[in-house]
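Below: one structure, written as structure tokens.
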Amino acid sequence: MNYTPLHPWDVTPAEAVALQQQMRQQIRIEPLTQPVQTIAGCDISFNKFEETVYAGIVVLNLADLSVVEEVGVISRATFPYVPGLLSFREAPALLEAWEKLQTAPDAVMFDGHGMAHPRRIGIAAHIGLFIDRPSFGCGKSVLVGKYDEPAPERGNWSPMRHHGEVVGAALRTKNRVNPVYVSPGHRIDLPAAIELTLACNGGYRIPEPTRRAHNLVNALRKGER
DNA sequence: GCGACAG
DNA sequence: ATCTTGTCGC
């Protein structure tokens with residue numbers, strides 16, 4: 001699938017922060033404008049201390065969570081992992097995978113955050129701008145924001161606040177299990193992101209798009225694909 | 001100055 | 001993220 005290279009990725013950490021400050025102004029948090037029939041999950045995997053990265057995207061039918069398409073690429077990561085600058089490490093490889101995609105998914109879920117980020121431009125929002133598709137983040141842990149523990153049953157959630165602003169939600173995707181952290185990225189709002197996450201239930205804490213993408217890239221890394 | 005810190 | 005065995009609980 002195509003996308004617009006809004007800026008280079010080979011920058012220094014300081015330049016990365018400056019780019020985020022500039023790019024954030026283009027982010028649009030708004031209700032979905034089209035119904036979602038297909039949703040993609042993205043993830044990357046790598047061996048510790050190695051620069052080779054395995055990136056993959058899995059597109060599912062939201063109706064039955066069946067696989068529509070999946071692509072994987074083996075690439076290299078040069079940028080280090082720095083909290084707050086995750087997109088500069090993972091986006092290049094994920095965009096290479098995006099290029100191999102034959103069809104554009106109606107929504108894209110990322111393993112990380114959207115606006116629940118110190119500068120409101122986590123990986124889901126950042127890549128969302130490049131691919132110009134409804135994008136949101138569903139992370140396994142918090143980067144920024146505080147919240148009250150949501151009720152223990154699946155479906156309950158409580159807002160995450162950062163500097164007094166609601167930036168996401170701690171959402172229970174499974175009874176009695178730690179919540180996942182959902183936040184809008186671009187061209188979507190929090191209610192829609194929460195609904196989509198719950199709609200992707202496969203019986204696990206991690207929603208199916210991300211879970212399947214994770215399995216895909218790990219298999220790729222282990223040479224099982 | 002002291003912690004916190006997506007994957 | 002990745003490295004790893006057993007183990008507690010439904």
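Keep in mind that the numbers below use all heavy atoms, side chains included, and drop hydrogens, waters and symmetry copies. Residue numbering restarts at 1 for every chain, and letters A, B, ... go by the order of the sequence lines.
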message: Counting the atoms with a prime plus P, OP1 and OP2 as sugar-phosphate, which does A:Asn218 contact under 4.0 Å by heavy atoms, base, sugar-phosphate, or nothing?
response: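 Here A:Asn218 touches the backbone only, sparing every base.
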
task: Quick one: label A:Leu94 by what it contacts on the DNA or RNA (base, sugar-phosphate, nothing), any heavy atom closer than 4.0 Å.
output: nothing

message: Does anything in residues 115-145 of chain A come within less than 4.0 Å of DNA chain B? Heavy atoms only, and list the residues if so.
response: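 Those residues are A:His117, A:Gly122, A:Ile123, A:Gly139, A:Lys140, A:Ser141, A:Val142, A:Leu143.
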
message: Can you pull out the residues from residues 184-202 of chain A that lie within a 4.0 Å heavy-atom distance of DNA chain B?
response: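 Hits under 4.0 Å, by residue number: none.
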
message: Give me each pair satisfying ring-ring contact (aromatic ring centres under 6.0 Å, His included) with a member in residues 121-151 of chain A, each pair once, sequence neighbours excluded.
response: A:His7-A:His126, A:His7-A:Phe130, A:Trp9-A:His126, A:Trp9-A:Phe130, A:Phe88-A:His126, A:His126-A:Phe130, A:Tyr147-A:Tyr181

field: Structure string for DNA chain B in dot-bracket form, Watson-Crick and G-U at under 3.5 Å, | interchain
entry: .......

message: Measuring only between side-chain heavy atoms, which start at C-beta, is A:Val144 closer than 4.5 Å to A:His113?
response: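 A side-chain contact is absent here, since even the closest heavy-atom pair is not under 4.5 Å.
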
task: To the nearest Å, give me how far apart CG (A:Leu86) and P (B:dG7) are.
output: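 To the nearest whole Å, that distance equals 8 Å.
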
- line: Between CZ of A:Phe46 and P of B:dA6 the distance, given in whole Å, is 13 Å

- prompt: Can you give the first and last nucleotides of DNA chain C, 5' to 3', that have an atom under 4.0 Å from a heavy atom of chain A?
  reply: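 For DNA chain C, the relevant span reads C:dA1 to C:dC3.
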
Might you confirm whether atom [atom1] of [X] has over 12 heavy atoms from other residues, nucleotides or ligands at distances under 6.0 Å?
X: A:Glu153; atom1: CD; result: yes
X: A:Arg28; atom1: CZ; result: yes
X: A:Gln37; atom1: CD; result: no

field: Centroid distance under 5.5 Å and plane angle under 30°, A:Tyr81 vs B:dG7
entry: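 Base of B:dG7: stacked against A:Tyr81.
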
statement: For DNA chain C, the expected dot-bracket line (Watson-Crick or G-U under 3.5 Å, [ ] crossing, | inter-strand) is ..........

field: Side-chain H-bond candidate by donor/acceptor type, A:Arg205 with A:Thr173, under 3.5 Å
entry: no

